[in-house]
Visitor: 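Dumping the structure here so I can ask a few things about it.
All values below were derived from every heavy atom in this structure, side-chain atoms included, with hydrogens, water molecules and symmetry-related copies excluded. For ligands, and for the atoms within them, numbers begin at 1 and follow the listed sequence. The residues of the chain are indexed from 1 along the displayed sequence.
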Amino acid sequence: DVNVMKDVTLGFGQALDKCRQESDLTEEKMEEFFHFWREDFKFEHRELGCAILCMSRHFNLLTDSSRMHHGNTEQFIQSFPNGEVLAQQMVLMIHSCEKQFDNEEDHCWRILHVAECFKQACVSKGVAPSMEMMMTEFIMEAE
Ligand code: M21
C-alpha cells in the first residue's frame, strides 16, 4: 500500500547523501530522493542510476552482477511497518522490470530504466505515494 511505499522510499533515501559524491548526482538533478514520485519527474540523468546503484549496495540489496538480491530486498522491505504486505509484490515488479532491460550493459543506465519502469508499475497498481504525502512525512521527520 501507499503508506508502506512512502516509508520504504524514505528509508532507502537515507543513503542519498552518502552516495551523492560517488555518483555525481548534484542537488540540481535531484534535491531529495522522494522527488522520485513526482508526476513530472524525468528519468534522464545517468547519475541517478549510479546513485540508486550506490544506495542499493549500501543496503546490500544487489548481487555480484549488480542485479537485485531477492532475499535481501524482501527482508529490507519487511523491516518497515507492514512491509510484509508489499515485499513480495515489489520484488516481483522490480524483477520483471529488470528482465526488460537485461541487455543494457551499463549498470547505471540499466538501473535508471528499471527504476522508471518500477515507478510506472507502482502507479498502475495504485501503490505509488502522492507527493503531498511524501513531503508531509519528510518535513515531519526533519523536525
Ligand atoms: C521504493 C523506494 C525506492 C525506489 C527506488 C528505486 C527502485 C529501483 C529499483 C532498481 C533496482 C536495481 C536493480 C538492478 O538490476
Visitor: Could you tell me the residue and atom name of the protein heavy atom closest to atom 7 (C) of ligand 1, and the distance to it rounded to 0.1 Å?
Guide: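 That would be Phe118 CD2, 3.8 Å.
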Visitor: In terms of relative ring orientation, are Phe12 and Phe76 parallel, tilted or perpendicular, with 30° and 60° separating the classes?
Guide: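 Perpendicular: the ring planes of Phe12 and Phe76 meet at over 60°.
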Visitor: Below 4.0 Å from ligand 1: does a non-hydrogen atom of Phe33 turn up there or not?
Guide: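 Contact present.
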Visitor: What is the ring orientation for Phe43 with Phe41, classed by angle as parallel under 30°, tilted 30 to 60°, or perpendicular over 60°?
Guide: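 Aromatic pair Phe43/Phe41 classed perpendicular.
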Visitor: More than 12 non-hydrogen atoms from neighbouring residues, nucleotides or ligands closer than 6.0 Å to CD on Gln88, yes or no?
Guide: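 Counting neighbours around CD of Gln88, 12 or fewer heavy atoms of other residues, nucleotides or ligands fall under 6.0 Å, so no.
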Visitor: Students should be able to answer this: which protein heavy-atom is nearest to atom 12 (C) of ligand 1, and at what distance?
Guide: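 Atom 12 (C) of ligand 1 sits closest to the protein heavy atom Ile111 CG1, 3.9 Å.
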Visitor: Just jot down the ligand 1 atoms closer than 4.0 angstrom to any heavy atom of Met5, in number order.
Guide: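 Those of ligand 1 that fall under 4.0 Å from Met5 are 1 (C).
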Visitor: Looking at atom 11 (C) of ligand 1, what's its closest protein heavy atom, distance included?
Guide: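 The closest one turns out to be Ile94 CG2, 3.9 Å.
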Visitor: Identify, by atom number and element, the atoms of ligand 1 in contact range of Arg110, meaning under 4.0 Å from any of its heavy atoms.
Guide: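 Those qualifying, in numeric order: 15 (O).
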Visitor: Judging by distance only, is a nitrogen or oxygen of Thr9 under 3.5 angstrom from one on ligand 1?
Guide: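 For ligand 1, there is no N or O atom that lies under 3.5 Å from one belonging to Thr9.
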Visitor: Do Met93 and Val91 sit in one hydrophobic cluster, given that two such residues count as connected whenever their side-chain heavy atoms are within less than 4.5 Å of each other, even indirectly?
Guide: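 Yes, Met93 and Val91 fall within the same hydrophobic cluster.
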Visitor: Check if Ser56 has a non-hydrogen atom at a distance under 4.0 Å from any atom of ligand 1.
Guide: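 The answer is no, since Ser56 has no heavy atom less than 4.0 Å from ligand 1.
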Visitor: If you count the atoms of ligand 1 from 1 in the order shown, which ones are under 4.0 Å from a heavy atom of Ser66?
Guide: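 Here the atoms of ligand 1 in question are 14 (C), 15 (O).
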Visitor: Which residue and non-hydrogen atom of the protein lie closest to atom 13 (C) of ligand 1, and at what distance in Å?
Guide: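 The closest one turns out to be Glu98 OE2, 3.3 Å.
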Visitor: Test your reading of the model: is there a side-chain donor-acceptor pair from Glu98 to the backbone of Met68, 3.5 Å cut-off?
Guide: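 Indeed, once roles are kept as given, a pair shorter than 3.5 Å links the two residues.
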Visitor: So if I count the atoms of ligand 1 from 1 in the order they appear, which ones are less than 4.0 Å from some heavy atom of Ala115?
Guide: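 Near Ala115, the atoms of ligand 1 are 8 (C).
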Visitor: Using 4.0 Å as the upper bound for N to carboxylate O, is an ion pair formed by Asp24 and Lys29?
Guide: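 Answer for the salt bridge query: no.
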Visitor: Could you identify the single nearest non-hydrogen protein atom to atom 10 (C) of ligand 1 and state the distance to 0.1 Å?
Guide: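 Looking at atom 10 (C) of ligand 1, the protein heavy atom closest to it is Val114 CG1, 3.9 Å.
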Visitor: Which distance, rounded to the nearest 0.5 Å, do you find between the CD1 of Ile77 and the CG of Asn72?
Guide: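 Going from CD1 on Ile77 over to CG on Asn72, the span is 11.0 Å.
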Visitor: In terms of ring plane angle, is the pair Phe33 and Phe36 parallel, tilted or perpendicular, where the classes change at 30° and 60°?
Guide: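 If you compare the ring of Phe33 with that of Phe36, the planes turn out parallel.
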